[in-house]
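Below is one structure, written out as structure tokens; the observations come after it.
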Amino acid sequence: QLQLVESGGGLVQIGGSLRLSCTASDTLADYAIGWFRQAPGKEREVVACIDSPGGRTNTADSVKGRFTISRDNANRMAYLQMNNLKPEDTAVYYCATGRGIITDYRTHCPHLVLYDDWGRGTQVTVSS
């Protein structure tokens, strides 16, 4: 079981950028990674995902063109670069990992139930 720790959240103005990091306790090489977010009163939703080799990604329509997911297996890290932030991006952001996930990354990210390990999240607040 991986231990995951998110960092990089904070308060940012509309149009600003943040880079979230996810640090794993062990190698990420065999794991698919997902970034999720949950706003108050709303369900947790997927933001972006990347497969274990790192060649395939997908992002939610709401953040497409603004958010980019990446990974650095050698350093046990995953990242979510967030640009042109909007108030509706305000949420707690979580990274998650899972093994053996099979999905068509061309059309969608794996469902959250397929991820086994989760971090505790990092708060992102976008204000005007």
Side-chain angles (χ1 to χ4, degrees):
Q1 184 177 7
L2 285 180
Q3 308 300 317
L4 304 171
V5 178
E6 302 92 341
S7 61
L11 177 64
V12 63
Q13 291 187 331
I14 294 173
S17 297
L18 284 174
R19 188 196 196 199
L20 304 184
S21 298
C22 175
T23 304
S25 58
D26 204 341
T27 178
L28 284 169
D30 296 331
Y31 291 83
I33 301 167
W35 281 97
F36 296 79
R37 67 185 182 187
Q38 188 165 17
K42 294 188 177 181
E43 294 186 352
R44 191 169 298 190
E45 63 177 1
V46 66
V47 175
C49 57
I50 188 167
D51 67 356
S52 55
R56 298 178 297 170
T57 64
N58 196 290
T59 51
D61 288 342
S62 58
V63 304
K64 202 172 292 290
R66 300 188 297 122
F67 290 13
T68 303
I69 187 172
S70 61
R71 62 190 297 157
D72 180 354
N73 289 344
N75 290 301
R76 300 181 281 113
M77 299 288 294
Y79 304 98
L80 184 68
Q81 178 66 43
M82 307 187 296
N83 298 326
N84 190 22
L85 284 160
K86 304 176 180 181
E88 52 263 42
D89 295 321
T90 296
V92 178
Y93 284 72
Y94 302 87
C95 67
T97 58
R99 300 178 71 172
I101 295 176
I102 299 175
T103 195
D104 187 351
Y105 283 83
R106 295 173 299 177
T107 59
H108 62 277
C109 284
H111 194 277
L112 62 86
V113 299
L114 297 177
Y115 293 89
D116 301 311
D117 301 312
W118 292 79
R120 293 187 176 185
T122 185
Q123 176 71 47
V124 172
T125 303
V126 184
S127 72
S128 56

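- Aromatic pair F67/W35: centroids not less than 6.0 angstrom apart.
- Heavy-atom minimum distance, D89 versus N84: OD2-O, 4.4 Å.
- At a threshold of 4.5 Å between non-hydrogen side-chain atoms, the residues F36 and E45 do not count as touching.
- Rounded to the nearest 0.5 angstrom, T97 OG1 and L2 CG are separated by 4.5 Å.
- C49 places a side-chain heavy atom less than 4.5 Å from the side chain of Y115.
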- Audit row: Y93, M82, side chain to side chain contact (heavy atoms under 4.5 Å, CB included) steps and yes/no: CA-CA 11 Å; Y93 284 72; M82 307 187 296; 3.8 Å; yes
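- In this structure the side chain of T122 never reaches within 4.5 angstrom of the side chain of V92, judged on heavy atoms.
- Under the 3.5 Å distance criterion, the side-chain polar atoms of T103 are left unmatched by any main-chain donor or acceptor of Y105.
- A continuous path of hydrophobic side-chain contacts links I101 to V113 [ILVMFWY only; heavy atoms under 4.5 Å].
- You'll find the side chain of L28 stays beyond 4.5 Å of the side chain of D72, heavy atoms only.
- With Y31 as the aromatic partner, R99 meets the cation-pi criteria of under 6.0 angstrom to the ring centre and within 45 degrees of the ring axis.
- Between the side chain of D104 and the backbone N or O of R106, at least one donor-acceptor pair lies under 3.5 Å.
- Rounded to the nearest 0.5 angstrom, T68 OG1 and N83 CG are separated by 6.5 Å.
- Dense packing is recorded around NZ of K64, with more than 12 heavy atoms of other residues, nucleotides or ligands lying under 6.0 Å away.
- Judged by distance alone, the side chain of T57 and the main-chain N or O of I50 form no donor-acceptor pair under 3.5 Å.
- Taking each heavy atom of A48 and C109 in turn, the nearest pair found is C-SG, 3.8 Å.
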- Query: Hey, mind stepping through T59 and V47 against side chain to side chain contact (heavy atoms under 4.5 Å, CB included) and telling me if it holds?
  - Reply: CA-CA 6 Å; T59 51; V47 175; over 6 Å; no
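- In this structure, R76 CZ and T27 OG1 are separated by 8.5 Å, a value rounded to the nearest 0.5 Å.
- Judged by a 6.0 Å distance limit and a 45° cone about the ring axis, R120 is not positioned over the six-membered ring of Y94.
- Between the CG atom in L18 and the CG atom in L85 there is a gap of 5.5 Å [rounded to 0.5 Å].
- Cluster annotation: M77 and I69 are assigned to distinct hydrophobic clusters (Ile/Leu/Val/Met/Phe/Trp/Tyr, side-chain heavy-atom contacts under 4.5 Å, transitive).
- Between Q38 and K42, the shortest heavy-atom distance links the atoms NE2-O, 3.1 Å.
- Nearest heavy-atom pair across S17 and Q81 is CB-NE2, 4.1 Å.
- A 4.5 Å side-chain heavy-atom check between V46 and H111 finds every atom pair outside the cut-off.
- For the residue pair R71 and I33, the shortest heavy atom distance occurs at CZ-CD1, 3.5 Å.
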- Task: Start with the C-alpha gap between L20 and V124, add the side-chain angles, then the distance that decides, and say whether side chain to side chain contact (heavy atoms under 4.5 Å, CB included) holds.
- Result: CA-CA 9 Å; L20 304 184; V124 172; 4.0 Å; yes
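- Side-chain contact between R37 and S62 is present, with heavy atoms from C-beta onward closer than 4.5 Å.
- Rounding to the nearest 0.5 angstrom, the gap separating the CG atom in L112 from the CD atom in E43 is 9.0 Å.
- A heavy-atom distance below 4.5 Å is found between the side chains of P87 and I14.
- With contacts defined as side-chain heavy-atom distances shorter than 4.5 Å, the pair S21/E6 does not qualify.
- The nearest pair of heavy atoms linking L11 to S127 is CD1-OG, 3.8 Å.
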